[in-house]
Protein chains: 4
Amino acid sequence: MRAEPEQARSRERRQRILEAGVAVFARKGFRDTLVDDIAAEADTSKGGVYFHFPNKQAIFLALLEQMGSLLARRLEEAMARAEGPRARGDAALLTALRTFSGHRALSRLFFVEAMGAGRQFSAAMMEQHSRFITLIRHNLDEAVTAGVIPPLDTELAATAWFGALYEVTTRWLLTGRPARLEDAYPALRLLLARSVGLEESGDPGAERGTTQGEG
Amino acid sequence: MRAEPEQARSRERRQRILEAGVAVFARKGFRDTLVDDIAAEADTSKGGVYFHFPNKQAIFLALLEQMGSLLARRLEEAMARAEGPRARGDAALLTALRTFSGHRALSRLFFVEAMGAGRQFSAAMMEQHSRFITLIRHNLDEAVTAGVIPPLDTELAATAWFGALYEVTTRWLLTGRPARLEDAYPALRLLLARSVGLEESGDPGAERGTTQGEG
Amino acid sequence: MRAEPEQARSRERRQRILEAGVAVFARKGFRDTLVDDIAAEADTSKGGVYFHFPNKQAIFLALLEQMGSLLARRLEEAMARAEGPRARGDAALLTALRTFSGHRALSRLFFVEAMGAGRQFSAAMMEQHSRFITLIRHNLDEAVTAGVIPPLDTELAATAWFGALYEVTTRWLLTGRPARLEDAYPALRLLLARSVGLEESGDPGAERGTTQGEG
Amino acid sequence: MRAEPEQARSRERRQRILEAGVAVFARKGFRDTLVDDIAAEADTSKGGVYFHFPNKQAIFLALLEQMGSLLARRLEEAMARAEGPRARGDAALLTALRTFSGHRALSRLFFVEAMGAGRQFSAAMMEQHSRFITLIRHNLDEAVTAGVIPPLDTELAATAWFGALYEVTTRWLLTGRPARLEDAYPALRLLLARSVGLEESGDPGAERGTTQGEG
DNA sequence: GATGAATGAGAGTTCATTCAT
DNA sequence: AATGAATGAACTCTCATTCAT
């Protein structure tokens with residue numbers, strides 16, 4: 001009997017706690033966030049939180065994973081719609097910027113809080129970084145194979161690209177510049193493209209989110 | 001009238017505490033480090049630590065500042081020896097990689113622990129980042145003025161460069177790759193140079209630490 | 001819906017902590033009392049104490065207030081039963097002596113510990129003193145109005161009366177003399193009465209702990 | 001050789017520390033006063049303080065004793081100049097009020113800080129109280145013997161008198177009323193006199209500090 | 001499922017006292 | 001005599017986690 005609705009309610013509550021987690025962690029940081037804060041923000045009690053998560057860390061980790069998955073999903077979608085390594089790269093960059101821009105609090109966890117929240121998170125974060133660095137690398141490898149760009153140390157390049165994106169996003173989060181993160185797209189695109197030996201080409205309108213062949 | 005030696009002893013002890021701080025913070029992270037740990041590592045007592053520093057945070061901040069100053073000093077020296085924007089850039093990059101490489105523990109604080117150690121440190125860290133981003137930017141501005149590279153958004157480029165360097169260094173710290181951080185120099189140099197529109201030129205051997213303009 | 005019992009249990013525990021507070025504060029004094037001592041005496045944990053009170057001081061203050069209220073309540077009752085300023089004064093004095101006598105530990109806080117427990121308590125204590133000085137003063141004012149005693153500086157008289165009572169009680173607490181505080185009643189009554197120009201009269205027997213004027 | 005001047009300098013320094021003690025203890029209370037505070041106020045160092053006093057408590061105790069002795073000396077002088085128990089009593093009361101009034105900070109220690117500064121001081125304070133209560137009692141005994149006042153429980157009366165004086169002085173210290181403590185003299189004198197059965201008499205001018213026969 | 005009272009192992013910080021110089 | 005660096009025992013308060021109801 002009504003097992004389904006029960007489960008649904010449970011999932012709902014769990015989600016509410018996660019959302020509360022984003023809000024509070026982004027506001028106070030991991031260490032300064034009390035489980036009570038999360039409980040209050042989620043309109044439940046401390047015990048309620050512990051029913052859904054084994055501990056505070058698990059909430060944070062779930063959030064990191066959530067952000068990672070969200071980004072990965074969007075990137076896949078965007079890249080699937082694009083043709084050719086260059087268009088895929090453009091699409092990915094723009095999608096990433098837009099995703100961070102649209103989830104500022106979650107991004108803050110991902111970029112600012114995660115790293116130093118404790119020894120335990122370094123590993124989890126490096127995994128997330130690796131996930132995207134690998135994605136970038138694969139695309140670069142394809143581009144090399146396709147002859148679009150000259151051969152190069154794609155692991156290093158991917159790492160550097162990710163770092164560039166990371167720092168630009170962190171700056172935006174902490175200093176508010178540029179006002180809209182997406183505004184960094186054209187210059188960043190040019191920078192990254194050139195760095196791997198790609199000559200300029202007409203830019204695929206950032207406004208439409210579409211991309212087109214690399215010419 | 002032996003006020004001097006007294007002061008010297010005091011400064012010495014202060015320094016010993018700072019060195020202990022690097023070691024312990026790098027090993028355990030900021031939050032997991034007990035003041036007692038630092039005291040033990042410095043062969044003194046908790047009270048001794050508190051005689052020289054008002055609190056744990058102050059030790060960390062002093063270390064951050066120390067790392068920033070060390071790096072700044074080295075960069076200035078290296079850049080002063082080089083001629084032309086390109087050579088200066090090469091010298092700076094190599095010097096940075098070598099400095100991090102030679103102060104792994106201190107770098108760990110700077111790169112890994114600092115950011116998430118608490119809201120209070122974000123500001124201090126952003127200041128350090130800004131310090132070097134500004135340095136990079138000035139050099140890029142000069143390069144543009146000198147006509148060495150085409151005009152571009154130097155603020156964004158500087159941020160991206162710093163980010164690239166940051167991520168590469170963080171990877172090295174956390175994964176141990178590349179084995180020697182300096183090994184990343186040639187590929188990173190090429191990447192960064194290209195990104196701002198600089199064409200290749202013979203690389204000044206990293207081993208000799210010399211560089212020269214491309215004419 | 002058994003919110004009530006929950007609350008009852010909570011209130012009960014709170015009360016147990018207060019009672020433990022009286023015992024330990026009286027035994028060790030405010031500063032020398034550890035929150036752990038109170039917790040142990042109340043058969044709970046340090047955290048338990050902090051769940052019910054924000055800090056050690058709050059426990060002490062609650063106790064002071066409790067003592068003040070207890071005394072005020074008893075005085076009101078006793079005075080309501082008496083007729084005429086003189087009888088009310090007698091009743092109040094006797095009630096006060098008996099209350100202190102019957103709550104030795106609590107009185108110790110009130111008389112001995114409170115004042116020097118810290119700058120923060122001086123204010124709270126002066127308020128309690130004022131409370132009773134005002135009570136005395138009102139009664140004296142009434143007595144003057146009723147023509148029972150000649151006009152006089154009732155504020156000073158009330159202060160002096162309170163002081164006399166205070167010192168007598170403190171002596172009893174610290175030296176154990178007189179053996180029963182109530183034994184001081186007849187002499188103290190006579191002293192205070194005369195001090196404001198009241199001629200002796202037969203004593204209304206304190207429940208018949210009786211005494212009578214020497215006249 | 002110059003042993004004398006050495007000793008003089010030492011005594012001087014000791015005195016400076018005591019004066020610093022009065023100032024700081026009165027300002028912050030015993031527990032909240034740091035030995036460093038006293039050292040700073042006395043323009044010396046922590047070690048300097050410990051050269052002259054074995055510990056913090058000893059400074060406080062010395063101060064208490066100093067106040068007690070000062071008061072005792074003055075009372076003796078004033079009482080020696082007066083003739084008859086009544087005049088002696090008047091002289092003593094006025095002298096006490098004037099002494100407290102003229103040494104407000106020291107009085108604060110004596111009246112406010114001493115009692116609750118810790119279990120250790122209760123004894124010392126009770127001794128000081130006893131000293132004066134005994135003095136009062138002797139005078140009352142003489143007055144009884146001389147037939148000036150009717151027989152009464154002089155121990156209790158002395159205690160009550162002291163308490164009255166204590167509370168009046170404490171009020172003045174903490175609330176600033178009356179503006180000049182000496183202003184309480186006439187009313188207090190009348191009150192105390194009457195309390196032991198003394199009929200009014202012309203008041204000995206408080207202004208001259210002299211007193212005259214009891215009439 | 002939910003609640004919130006209870007737990008208790010710390011953690012940072014303070015400061016009287018000591019002592020080498 | 002004096003200094004001020006060093007010591008280390010205490011102490012208050014915190015908070016993730018548990019658990020009876």
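Within every chain, numbering begins at 1; the chains are lettered A, B, ... in the order of the sequence lines, protein sequences first and strands thereafter.
Ring orientation note: the planes of C:H129 and C:F110 are tilted relative to one another, at an angle of 30° to 60°.
Side chains of C:T44 and C:R16: a donor-acceptor N/O pair is absent below 3.5 angstrom, by distance only.
At least one donor-acceptor pair under 3.5 Å links the side chain of C:K56 to the backbone N or O of C:T33.
Atom-to-atom, OH of A:Y50 to P of F:dA16 comes out at 6 Å; the value is rounded to the nearest Å. Atom CG of D:N55 is separated from atom P of E:dC15 by 17 Å (rounded to the nearest Å). If you take CG of C:D36 and P of E:dG8, they are 11 Å apart, rounded to a whole angstrom. Residue D:R11 contributes atom CZ, which lies 16 Å from atom C1' of F:dA1 at whole-angstrom precision. When the P atom of E:dG4 is taken as reference, atom CZ of A:F51 falls 16 Å away, rounded to whole Å. One interatomic measurement links the two molecules: CZ of D:R16 to P of F:dA2, which rounds to 8 Å at whole-angstrom precision. Spacing between atom CG of B:D32 and atom P of F:dC15 amounts to 15 Å, rounded to whole angstrom units. Between the CG atom of B:D37 and the C1' atom of F:dG8 there is a distance of 16 Å, rounded to whole Å.
The nearest pair of heavy atoms linking A:L173 to A:R104 is O-NH2, 3.2 Å. Contact detail for C:G48 and C:I17: the closest heavy-atom pair is O-CD1, 4.1 Å.
Mapped onto DNA chain E by nearest heavy atom, B:G47 and C:R13 fall at different nucleotides, with C:R13 at the one closer to the 5' end. Toward the 5′ end of DNA chain E lies the nearest nucleotide of C:D43, the other residue of the pair B:L34 and C:D43 mapping further downstream.
Remark: E:dT21 base-pairs with F:dA2. Criterion, Watson-Crick or G-U wobble with two distances under 3.5 Å. Across all strands shown, F:dG8 is found opposite E:dC15 as a Watson-Crick or G-U wobble partner, with both distances under 3.5 Å.
D:K56 comes within 4.0 angstrom of sugar-phosphate atoms only, judged by non-hydrogen atoms across all strands, and of no base.
The base of E:dT3 lies outside donor-acceptor range of the side chain of A:K46, with no N or O pair under 3.5 Å.
For A:H52, a side-chain nitrogen or oxygen approaches OP1 or OP2 of E:dA2 to under 4.0 Å.
Closest contact between the side chain of A:T44 and the listed nucleotides E:dT17, F:dG4, E:dT3 involves E:dT3.
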